[in-house]
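First comes the structure, then the notes that go with it.
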Amino acid sequence: MKKIQSSHCEPLMGSEHEFQNMGAIDHDSDDMSSAIYHVLGLKGLEPGAPGTPRFLSLLASLLERSVQESEILLEKTQIKDVITAFDGIRAAPITIQQYMDRIYKYAGCSPSCFIVAYIYVDRYLQLADAHLTSLNVHRLLITSIMVAAKFIDDGFYRNAYYAKVGGVSKLEMNRLELKFLFSIDFKLRVTAETFKWYCLRLEKEAGASHIDRPIKACGMNEGWSTKEETSCSTKVTRCNVV
């Protein structure tokens, strides 16, 4: 699957807005930032390089903990969470770490994409007044990473490819992208200061990562679908999502 070059492609699907400062992040070049990026494994790493980079493990750990905290809070307070387009009927048959490893391996995104996607997810949760749960985390991840790749990387794949990697249908991928963009009001620009702040948050996670249970509901062969059942095939073996 050939990547589309961002300088010769249409804007993000469904966009009628002008994006703020289309292109790469305003990278901070001070020594402290460079040291943080180096520690997290964000510097000098080729997209899809073998193994799990440190930032990916820390990010997965942080998301796992956020999901647990949200679900405990919702259970204790008996608050009914907002049902969004990203919520599945049941939790995905794959852990957050496995899912992010898969995206990292097949999507060919730059390491920065994952940090930017994390920032986008945070923006979405705040603006939608929603909680990160085992029912929505996977769909939010594949959508935010795809959007981040389109915004900051030099090249990216078509939605159908990201759909296959993420385990959803192309139709659903298109719908999720539109919903996500409008929910964050197309605010895609990330400043160097914001990027560094989230990296510092990840660095702190290194000393606080403890997950009681990985978010995994069932075996890899069992599908997880919303109202639309999804299937998969081809060279990129798809993990179906609910």
Side-chain angles (χ1 to χ4, degrees), residues 3 24-70 92 94-125 132 134 136-157 162 165-167 188 190-216 220 236 239:
K3 279 190 175 183
I25 304 166
D26 303 323
H27 285 297
D28 202 338
S29 58
D30 65 67
D31 292 342
M32 180 185 174
S33 299
S34 295
I36 293 166
Y37 303 154
H38 180 74
V39 166
L40 292 176
L42 289 167
K43 287 225 169 193
L45 186 68
E46 290 297 321
T52 301
R54 191 161 188 260
F55 74 85
L56 207 63
S57 297
L58 292 174
L59 185 52
S61 173
L62 184 61
L63 292 170
E64 289 268 12
R65 196 149 51 84
S66 295
V67 167
Q68 285 184 16
E69 288 171 358
S70 292
I94 182 172
T95 67
I96 292 174
Q97 180 69 69
Q98 290 170 334
Y99 195 62
M100 293 186 73
D101 284 344
R102 174 184 173 79
I103 296 171
Y104 176 74
K105 179 179 180 181
Y106 292 114
C109 305
S110 65
S112 296
C113 268
F114 290 86
I115 308 298
V116 172
Y118 171 40
I119 296 169
Y120 289 168
V121 168
D122 218 16
R123 286 179 185 174
Y124 169 82
L125 294 172
L132 192 67
S134 55
N136 63 28
V137 61
H138 295 78
R139 276 187 174 79
L140 282 171
L141 278 173
I142 188 60
T143 307
S144 61
I145 290 168
M146 180 180 75
V147 169
K150 289 184 177 186
F151 192 66
I152 70 169
D153 279 357
D154 293 330
F156 54 85
Y157 295 106
Y162 291 108
V165 172
L188 300 176
V190 174
T191 65
E193 203 57 40
T194 300
F195 188 84
K196 183 168 76 173
W197 188 87
Y198 277 86
C199 285
L200 283 168
R201 194 170 169 182
L202 274 187
E203 192 182 32
K204 287 179 183 176
E205 178 64 17
S209 57
H210 174 70
I211 304 299
D212 295 326
R213 59 170 178 80
I215 300 164
K216 185 173 181 179
M220 279 288 290
V236 180
C239 54

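- Between Gly166 and Tyr99, the shortest heavy-atom contact is O-OH, 2.7 Å.
- Considering only heavy atoms from C-beta on, Ser112 comes within 4.5 Å of Phe195 through its side chain.
- A 4.5 Å side-chain heavy-atom check between Ile145 and Val116 finds every atom pair outside the cut-off.
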> For Leu140 and Leu125, what are the C-alpha separation, side-chain angles and deciding distance, and is it a side-chain contact (heavy atoms from CB on, under 4.5 Å)?
Replying inline: CA-CA 10 Å; Leu140 282 171; Leu125 294 172; 4.3 Å; yes
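- Taking the side chain as every heavy atom from C-beta outward, Leu132 and Glu64 never approach each other to under 4.5 Å.
- In this structure, the side chains of Leu59 and Ile96 stay at 4.5 Å or more apart for every pair of heavy atoms.
- Counting heavy atoms from C-beta outward, Phe151 and Val190 have side chains that stay 4.5 Å or more apart.
- How far CD1 of Ile119 is from CZ of Arg201: 10.0 Å, rounded to the nearest 0.5 Å.
- Every residue two or more places apart in sequence or in another chain that forms a side chain to side chain contact (heavy atoms under 4.5 Å, CB included) with Ala149 is listed here: Cys109, Cys113, Asp153, Phe156, Tyr162.
- To the nearest 0.5 Å, atom CE of residue Met146 and atom CD1 of residue Ile103 are 11.0 Å apart.
- With sequence neighbours left out, Tyr124 forms a ring pair (Phe, Tyr, Trp, His ring centres under 6.0 Å) with Phe86, Phe180.
- Between Tyr118 and Tyr198, the ring planes are perpendicular. Angles over 60° get that label, and only those under 30° would be called parallel.
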>> side-chain hydrogen bond (donor to acceptor under 3.5 Å, both in side chains), that's the test. Do Gln98 and Thr95 meet it? Break it down for me.
In response: CA-CA 5 Å; Gln98 290 170 334; Thr95 67; 3.3 Å; yes
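- Here the straight-line distance linking atom NE2 of His138 with atom CE of Met100 works out to 10.0 Å at 0.5 Å rounding.
- Between Gln97 and Leu63 the shortest side-chain heavy-atom distance does not fall below 4.5 Å.
- To the nearest 0.5 Å, atom CG of residue Leu188 and atom OG of residue Ser144 are 11.0 Å apart.
- Note: Phe55 CZ to Ile115 CD1 = 6.0 Å, rounded to the nearest 0.5 Å.
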